[in-house]
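First the structure, in the form of structure tokens, and then the observations on it.
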Amino acid sequence: MADIAPMDLVVLADDEGNSVRIKILGPVPTWSDGIAAEIVVETPFVSGRTDLILSDSKLQAWADALDRLDAGEDIAWMVMSRGPSVFIQLTGDRDCPEVVVEDESYSMVTVRVPVALPEDWIASHRERLRALTESWTAAGHVSVERRGVSSS
């Protein structure tokens with residue numbers, strides 16, 4: 001069974017040096033349906049990372065979150081699950097979107113990052129999700145077809 005190549009699933013970054021990324025690292029060795037990942041936060045002031053395991057249900061929830069963002073709604077992703085949560089507020093306190101990463105279950109740290117996003121950021125994230133889904137399925141892992149990210 002082939003492995004999936006490391007890639008960035010989420011890249012919320014601007015020219016000011018603020019970014020929140022979710023990097024795909026590969027399969028979880030102890031769970032055939034798990035994807036090892038990490039959330040990486042980088043700003044001129046603070047930086048950090050935390051481990052994350054993604055599942056098919058979390059990827060479906062990300063597809064749904066992208067639909068809601070496209071409709072102009074703020075989102076909360078991975079709330080009430082083990083591990084960190086990600087919130088995206090389209091209009092933050094600094095007149096640009098804000099990404100909030102909460103890691104209450106492990107480090108008990110919350111980081112709020114203002115990010116001026118490009119116009120096409122939602123479409124590019126749908127493409128990133130589609131690429132991961134295709135790679136994951138091609139590697140022989142079970143995957144549910146996701147609304148808005150299928151290759152057909």
Side-chain angles (χ1 to χ4, degrees), residues 1-43 47-90 97-107 109-111 113 115-152:
M1 187 178 314
D3 284 342
I4 57 173
M7 65 173 286
D8 287 331
L9 175 63
V10 175
V11 179
L12 304 170
D14 64 20
D15 295 338
E16 310 263 329
N18 295 325
S19 69
V20 176
R21 297 176 188 271
I22 297 182
K23 296 180 175 239
I24 300 301
L25 304 175
V28 175
T30 58
W31 182 33
S32 63
D33 290 333
I35 301 172
E38 64 181 354
I39 299 176
V40 180
V41 175
E42 296 175 325
T43 75
S47 63
R49 65 184 63 236
T50 188
D51 292 333
L52 174 67
I53 295 179
L54 296 173
S55 61
D56 194 65
S57 64
K58 287 181 181 177
L59 295 176
Q60 177 61 52
W62 178 236
D64 294 341
L66 289 170
D67 289 343
R68 291 194 322 273
L69 287 162
D70 200 24
E73 299 175 34
D74 295 342
I75 63 99
W77 180 39
M78 298 185 292
V79 177
M80 301 304 292
S81 69
R82 288 204 235 173
S85 302
V86 176
F87 303 85
I88 300 175
Q89 300 167 343
L90 294 172
E98 287 182 345
V99 182
V100 177
V101 178
E102 287 185 356
D103 186 27
E104 292 184 3
S105 63
Y106 182 67
S107 67
V109 171
T110 298
V111 179
V113 182
V115 183
L117 297 170
E119 187 98 6
D120 66 342
W121 73 275
I122 294 173
S124 74
H125 281 83
R126 283 186 172 131
E127 177 57 29
R128 290 172 185 279
L129 180 57
R130 186 196 59 73
L132 175 60
T133 301
E134 286 180 0
S135 175
W136 190 241
T137 302
H141 299 278
V142 176
S143 182
V144 175
E145 183 175 321
R146 288 170 192 77
R147 181 172 33 91
V149 296
S150 67
S151 58
S152 54

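Keep in mind that this is a model prediction, so the values were computed, not measured.
- Between Leu54 and Trp62, every side-chain heavy-atom pair lies at or beyond the 4.5 Å cut-off.
- Taking every heavy atom of both residues into account, Leu129 and Leu9 meet most closely at CA-CD1, 3.8 Å.
- In plain terms, the two heavy atoms of Ala13 and Pro118 that are nearest each other are O-CD, 4.4 Å.
- Without hydrogens or angle criteria, Arg128 side chain to Asp8 main chain gives a donor-acceptor distance under 3.5 Å.
- Salt bridge present: Arg126 and Asp67 bring a charged side-chain N and a carboxylate O closer than 4.0 Å.
- Across all their heavy atoms, Asp103 and Gly83 have their closest contact at OD1-C, 4.4 Å.
- Checking each of Val101, Val99, Val79 against Phe87 for a side chain to side chain contact (heavy atoms under 4.5 Å, CB included) leaves exactly one that passes, namely Val79.
- The two residues Ala37 and Ile24 make their nearest non-hydrogen contact at CB-CD1, 4.1 Å.
- Residue Glu38 holds its CD atom at 6.5 Å from CG of Asp51, rounded to the nearest 0.5 Å.
- With values rounded to the nearest 0.5 angstrom, Glu102 atom CD is found 12.5 Å from Thr50 atom OG1.
- Side-chain atoms of Asp74 come within 3.5 Å of backbone atoms of Leu90 as a donor-acceptor pair (strictly under, hydrogens ignored).
- The backbone N or O of Ile53 sits less than 3.5 Å from a side-chain atom of Lys58, completing a donor-acceptor pair.
- Atom CG of residue Leu12 and atom CZ of residue Arg21 lie 9.0 Å apart, to the nearest 0.5 angstrom.
- Taking all atoms of both residues into account, the shortest heavy-atom contact from Ser85 to Met78 is OG-O, 3.2 Å.
- Rounded to the nearest 0.5 Å, atoms CG (Leu66) and CH2 (Trp121) are 7.0 Å apart.
- Within a 6.0 Å sphere centred on CG of Asp120, other residues, nucleotides and ligands contribute more than 12 heavy atoms.
- Taken to the nearest 0.5 Å, the CD1 atom of Ile22 stands 4.0 Å off from the CH2 atom of Trp77.
- When the options Val86, Thr110, Val113, Ile88 are evaluated for a side chain to side chain contact (heavy atoms under 4.5 Å, CB included) with Val100, the one that passes is Thr110.
- The CG atom of Leu132 sits 4.5 Å away from atom CD1 of Ile35, with the distance rounded to the nearest 0.5 Å.
- Between the side chain of Ser47 and the backbone N or O of Val41, no donor-acceptor pair lies under 3.5 Å.
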_Working note: Asp64 + Gln60, criterion side chain to side chain donor-acceptor pair (under 3.5 Å); need CA distance, chi angles, decisive distance, verdict._
CA-CA 6 Å; Asp64 294 341; Gln60 177 61 52; 2.9 Å; yes
